[in-house]
Structures are given as structure tokens and as C-alpha cells.
Amino acid sequence: MLKQFFLTERNMMIAILLNAVIIFLLYFPSLHRNIVLEIIDEFFIVLFLLEALVKIKALGSKSYFSSAWHRFDFFIVIVSIPSLFIHFLPVPDTSLFLLLRLFRLIRLVRFISFIPNMDSIMEGLGRALRSSVFVLLALFFLNFLLAIFSCHFYGNIAPELFGNPLRSFFSIFQMFTVEGWNEIPTSLALAIESPVMAWIMRFYFGAVVLIGGIFGLSLANAVFVDEMTIDNNEKLEEKIDRLQEEIRELKDLMKGKDGAK
């Protein structure tokens, strides 16, 4: 019965979800270092370790480790084991032992295996990422270039936004995502005394939002979505081709009957 419990995928998915809830609660300040929750958390570590051992014995080590999901689970369990010793070792809150519990949250990705047609979705996602990489690289270099320009022209005026290349890069990225597209130029306009230079600045950042935020990201999104849906387009084209072939055969059949008359 215990063996059947560990071999039932639904039971272990529920256990993963419950463990995620416990870890979630442990990061509330009022529940941090709560002894009851920590004991429950450690119980789940032992539970997942037993699951791995039972599956290795039932399936055989070769069969068990041939599955990518099983290798993934085993790795997460192994890196979580040191968390069992936090009560026996004087470790601070920032210790790696305490941080290792976060690795078990990664097991939540197992839930994607229950999504229908997951293989097709992952294949489409891979195609979309490969097709979008050049657009994303172009946006990255555009962001980098504009960050240098902005740092040069506005670094002294707004050092908190453009004081160095990294701050400038992040500020430009914010505008690419249409976040702060109004606040950033407005704060700069208050620091620029010349009305002409203020309008030039507004035009410059308007172009940044238009090129990077609206056109650039829209292009990346269009390429991504197009590649994700290409499977459906191919299936539709196949159906149209079959329909055309059937119509052609029907026409030939009708011509044959007319000729016979």
C-alpha cells in the first residue's frame, strides 16, 4: 500500500503542492522559524526521498534515471537534504542550508505535464524562441545604444536615472516596456531650463518609446505568436489540400460520367 502511494503520480503532485504552501507560509515574518511548519517542511523532504528510493527499487535504477522528470526530481531531493540539518548546525538565516528549500519549489513545474498537447506546445515554444532570438538581440543592442546616448546627454541632469550605463540601460528598458514613458521625460523637463532642449528631450524619448516599446516589442510578439500557431496553420493547409484533391477527383468523376453519356 505504501509502495502504491509513492508510485501514484497524483499523490505526489498533491504532496509537492502542499510543500509549496508550507514554504510559502514560512517566509511570512510572523511564521518565520515556526517550529511546527519547519517540522512539516522536513517531513516533506523525507517523503520525497522515500519516493525516490521506492521508485528506484520498483523501476530499477536504469529505468528510473532514463526519465528526465525522474532525474530532475532526484536532483531536487538531493540538494534539499542538507536542510534537514539546520536544527543540528548553528546556521544563520542566509545560510545555503535554508535557501536550499527553495529548490523544491521548482518541482511545481511538474504540473505542466498535465497540460493537454504539452509536447506540441513545447515544440511551438522552442520554434518561437528560436525565431524571436534575432529580434530580441536587436532590441538588446538598441537598448544598449540608447542607454549610452542617454547616459551621455542626461547623466548629469538625472543621475538617479542615467547616472551610469547600468542605470541608463534599466531606464531605457522601462520605456521599452512602456513603463515610466511619461514620468521619466517629465522629471527631466523640470531639470532642463531651456524650453527648446526640453522639447528635443521629449521628442527623443518619444522616439525611444515608439521604436523600442511599440514597434520593437510588437514585432517580437508578432514573430513569437506566429511561430507558436504555425502548427495550426499547417494542419489547416493540409485539410485545404485534401479538400482540393477531393474536389479534383469529384470533377474528374463527373467528367467521366458526362463522357460516357
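Treat the numbers as computed from the prediction; the structure is a model and nothing was measured.
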Mind checking the [atom1]-[atom2] spacing from [X] to [Y]? Nearest 0.5 Å is all I need.
{"X": "Leu139", "Y": "Ile211", "atom1": "CG", "atom2": "CD1", "result": "11.0 Å"}
{"X": "Ile22", "Y": "Leu17", "atom1": "CD1", "atom2": "CG", "result": "10.5 Å"}
{"X": "Ile35", "Y": "Ile39", "atom1": "CD1", "atom2": "CD1", "result": "4.5 Å"}
{"X": "Asn19", "Y": "Ile14", "atom1": "CG", "atom2": "CD1", "result": "13.5 Å"}
{"X": "Ile78", "Y": "Asp73", "atom1": "CD1", "atom2": "CG", "result": "11.5 Å"}
{"X": "Phe153", "Y": "Met201", "atom1": "CZ", "atom2": "CE", "result": "13.5 Å"}

Q) Judged by atom type as modelled, is there a donor-acceptor pair below 3.5 Å linking the side chain of Ser187 to the main-chain atoms of Ile184? A) yes

Using side-chain heavy atoms (C-beta onward) and a distance below 4.5 Å, is [X] in contact with [Y]?
{"X": "Phe176", "Y": "Leu142", "answer": "yes"}
{"X": "Glu51", "Y": "Val77", "answer": "no"}
{"X": "Leu210", "Y": "Phe215", "answer": "no"}

With a 3.5 Å cut-off and sequence neighbours excluded, list the donor-acceptor pairs that the side chains of residues 159-175 form with protein atoms.
residue, atom, partner, partner atom, Å
Asn164, OD1, Leu166, N, 3.0
Asn164, OD1, Arg167, N, 2.8
Arg167, NH1, Pro159, O, 3.0
Ser168, OG, Ala147, O, 2.6
Ser171, OG, Leu161, O, 2.8
Ser171, OG, Arg167, O, 3.0

Q. Applying side-chain hydrogen bond (donor to acceptor under 3.5 Å, both in side chains), which residue pairs with at least one partner in residues 193-204 are found, sequence neighbours left out?
A. Ser150-Tyr204

Can you get from [X] to [Y] by hopping between Ile, Leu, Val, Met, Phe, Trp and Tyr side chains that sit under 4.5 Å apart?
{"X": "Ile200", "Y": "Phe203", "answer": "no"}
{"X": "Phe24", "Y": "Phe48", "answer": "yes"}
{"X": "Leu190", "Y": "Trp181", "answer": "no"}

Run the side chain to side chain contact (heavy atoms under 4.5 Å, CB included) test against [X] and tell me which residues pass, sequence neighbours left out.
{"X": "Ala191", "result": "Ile157"}
{"X": "Ser61", "result": "Ile56, Phe65"}
{"X": "Leu145", "result": "Phe149"}
{"X": "Asn34", "result": "Leu31, Val36, Leu37"}

Q. Do other residues, nucleotides or ligands put more than 12 heavy atoms under 6.0 Å from Asn156 CG?
A. no

Q) Closest heavy-atom contact between Ile45 and Ser80? A) CD1-O, 3.7 Å

Q.
Restricting to non-hydrogen atoms, name the atom on Ala15 and the atom on Leu47 that form the minimum distance, rounded to 0.1 Å.
A. CB-CD2, 3.9 Å

Q. Between Phe205 and Tyr154, is the gap from one ring center to the other below 6.0 Å?
A. yes

